Amino acid sequence: MSVGIVSYGGYVPYYRIEAGSIGAVWGVDGTARGKGLGIIRKSVPSPDEDVITISVEAARKAMKCCKVDPEKIGAMYVGSESHPYAVKPTGTIVAEAIRAAPNLTVADMEFACKAGTAGIQACMGLVSSGMIEYGMAIGADTSQGAPGDALEYSASAGGAAFLIGKKDLVAEINHTLSFTTDTPDFWRREGQMYPRHGGRFTGTPAYFKHINSCAKMLFDKMGTKSEDYDHAIFHQPNGKFPLRVGGAMGFSKEQLEHGLLTPIIGNTYSGAVPLALTNVLDHAKPGDKIFVVSYGSGAGADGFDITVTDNIKKHRKKKWQPLSELMDNFELLDYATYAKFRGKINMGGVT
Amino acid sequence: MAIARFWRENESRYNMQGKKCGVCQKVYFPARDMCPKCRRDSMGMMKKIQLTGKGEVISYSIIHDGLPEFHMQIPYTIAIIELEEGVRITGQIVDCKPDCVDIGSKVESVFRKLGEEGKSGVIHYGYKFKLI
Ligand SMILES: [Zn+2]
């Protein structure tokens with residue numbers, strides 16, 4: 001019995017800041033630092049945007065491109081590490097704003113950068129078991145790095161929504177599996193504004209170990225090799241890691257091309273792999289095979305083996321707006337305006 | 001506070017749902033239970049209608065000294081927009097420099113934060129507009 005993606009939509013805010021503008025404030029060559037990270041610019045949410053508004057835009061985009069009655073959505077999971085409310089689920093507002101409420105189950109998910117793909121897995125389970133007809137999984141973030149910290153060059157905003165079901169699939173999810181351990185590479189304690197990371201500890205024992213282990217499990221399970229896929233997507237905290245992790249598995253630059261967005265929008269955290277998947281689907285041909293491994297600090301990786309169907313052509317009708325339109329249309333901010341937009345300026349309690 | 005008032009209006013703020021008079025076909029937003037023109041004849045004839053959120057700028061003004069909740073966005077543009085359904089509403093135009101807005105500019109609705117009741121209070125969401 002097949003399960004997969006019925007429709008999808010991605011959203012990236014309009015504003016950007018370049019690595020050079022960030023470095024200039026902290027007395028370092030930001031452009032060079034950006035080059036080292038493989039990041040030219042990153043997206044910045046407007047002061048009136050947050051994970052709820054980004055999720056609604058992505059979800060509406062997904063619903064516009066299909067004929068599914070939103071009331072048939074039986075579950076909504078929004079994955080993020082920047083939910084606007086600590087208590088009151090993001091999904092309650094998103095469900096209302098796409099008219100999926102009230103007959104559905106809603107919960108917010110949190111697993112660093114892979115909360116969105118965890119939501120896809122949960123929806124797949126509920127759909128496959130027959131408990132629900134459709135489920136919506138969203139990954140979105142408006143993440144922040146502490147001023148001057150390396151994360152400030154990458155932490156950005158964006159999100160994507162996937163309508164999961166059994167009928168009229170634009171892409172079939174052939175298999176999914178996960179690899180999870182207790183690894184303190186990156187965290188944020190309750191009430192703290194900025195996350196902390198374990199420096200060099202974030203690379204080899206965290207990102208690379210979990211993605212490699214998950215990818216190997218998926219290759220073994222499916223009996224496939226890198227050359228069997230047309231596209232590969234890996235979590236992208238910077239523009240370099242996915243090329244390194246994918247390259248070592250034998251994936252070429254061409255296979256990784258459409259699934260690598262961090263160089264021009266930054267690391268959208270929970271939105272990263274979901275947005276990359278929407279961009280790959282925007283470019284894919286019927287029959288294309290997609291290899292996906294997300295990563296969330298803490299730590300875990302979710303793998304997906306996906307096949308694009310003929311329905312992808314129907315998806316690209318009148319109401320379809322490719323993600324590239326949102327990525328290519330932007331306005332650059334200077335650091336001062338960026339700091340104001342992101343609430344990094346102490347307003348002396350006058351808010 | 002205003003929580004209850006905002007909450008009651010969520011359906012129209014979130015989803016731009018109006019009402020259409022079944023007699024004269026005029027669309028009202030915010031929704032009304034009776035058509036002021038057809039009055040008694042419209043009773044029970046008012047149907048819910050989902051507005052497309054697409055329209056055109058009729059008039060606009062650039063705000064340089066706005067409400068406290070908008071001070072992060074100064075200068076910003078507030079416009080009167082005529083929606084495809086013929087309804088005129090007021091809304092903020094986002095994601096553009098103020099000088100990009102003109103009379104006749106085509107717009108569509110987007111979902112944004114309208115304000116919040118302080119750092120610990122409830123957040124209000126609803127429609128704004130962007131140029132298309
Ligand atoms: Zn009437």
Side-chain angles (χ1 to χ4, degrees), chain A residues 11-16 43-61 63-64 70 83-88 90 92-102 142 193 319 321 325-326 329-333 337-345 347 349-351, chain B residues 3 6-17 48-54 63 66-78 91-100 107-132:
Chain A
Y11 179 80
V12 179
Y14 170 69
Y15 295 101
R16 304 282 185 278
S43 65
V44 180
S46 179
D48 60 359
E49 289 185 293
D50 61 19
V51 161
I52 290 175
T53 66
I54 289 170
S55 298
V56 169
E57 289 292 333
R60 283 183 174 170
K61 220 170 134 178
M63 295 312 291
K64 250 193 230 176
H83 291 290
Y85 288 98
V87 179
K88 174 166 171 52
T90 295
T92 56
I93 296 168
V94 181
E96 200 79 58
I98 64 165
R99 296 180 178 281
T142 56
M193 184 167 179
K319 289 180 173 168
Q321 180 198 34
E325 273 183 26
L326 291 175
N329 176 35
F330 60 85
E331 185 180 322
L332 286 174
L333 300 177
T337 308
Y338 157 75
K340 180 179 81 169
F341 275 18
R342 298 305 285 132
K344 293 180 184 219
I345 296 178
M347 306 293 282
V350 187
T351 50
Chain B
I3 293 176
F6 266 92
W7 179 76
R8 276 195 300 272
E9 291 170 0
N10 274 352
E11 189 162 35
S12 71
R13 276 179 215 280
Y14 286 7
N15 287 317
M16 300 191 78
Q17 183 166 285
K48 283 184 177 179
I49 177 173
Q50 172 69 51
L51 305 179
T52 60
K54 288 190 174 155
I63 313 291
L67 298 164
E69 0 358 341
F70 289 92
H71 73 269
M72 288 288 177
Q73 296 166 65
I74 291 168
Y76 61 91
T77 308
I78 293 286
Q92 185 187 348
I93 314 259
V94 295
D95 289 357
C96 69
K97 293 206 161 82
D99 57 11
C100 296
V107 295
E108 74 179 347
S109 65
V110 292
F111 192 81
R112 293 294 173 106
K113 255 167 85 168
L114 300 179
E116 59 186 20
E117 296 181 10
K119 282 282 158 227
S120 62
V122 72
I123 309 168
H124 302 301
Y125 295 94
Y127 59 83
K128 292 188 180 181
F129 293 88
K130 69 168 184 190
L131 299 177
I132 47 173

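The structure displayed is predicted, hence computed values, not measured ones. Heavy atoms only: backbone and side chains are in, while hydrogens, waters and symmetry mates are out.
Between chain A and the options B/Leu114, B/Ile123, B/Asn10, heavy-atom pairs under 4.5 Å are most frequent for B/Ile123. Chain B forms the most heavy-atom pairs under 4.5 Å with one residue out of A/Glu96, A/Glu49, A/Arg99, and that residue is A/Arg99. Interface check for chain A: of the options B/Lys113, B/Glu116, B/Lys130, the most heavy-atom pairs under 4.5 Å are formed by B/Lys113. Ranked by heavy-atom pairs shorter than 4.5 Å toward chain B, the options A/Tyr15, A/Phe341, A/Tyr85 are led by A/Tyr85.
B/Lys128 touches chain A through its side chain: at least one heavy atom from C-beta onward sits under 4.5 Å away, while N, CA, C and O do not. Proximity to chain A (any heavy atom under 4.5 Å) is restricted, for B/Val94, to the side chain, taken from C-beta onward. With a 4.5 angstrom heavy-atom cutoff, A/Ile93 touches chain B via backbone and side-chain atoms both. Of the two parts of B/Tyr125, only the side chain, counted from C-beta on, holds a non-hydrogen atom closer than 4.5 Å to a non-hydrogen atom of chain A.
Atoms SG and CG, on B/Cys100 and B/Asp95 in that order, are 11.0 Å from each other to the nearest 0.5 Å.
Contact detail for A/Ala59 and A/Ile98: the closest heavy-atom pair is CB-CG2, 3.8 Å. Considering all non-hydrogen atoms of both residues, B/Thr77 and B/Pro98 come closest at OG1-CA, 3.5 Å.
The closest side-chain heavy-atom distance from A/Arg60 to B/Asn15 is below 4.5 Å. Side-chain contact check for B/Gln73 versus B/Ile63: every heavy-atom pair is 4.5 Å or farther apart.
More than 12 non-hydrogen atoms from other residues, nucleotides or ligands lie less than 6.0 angstrom from NZ of A/Lys88.
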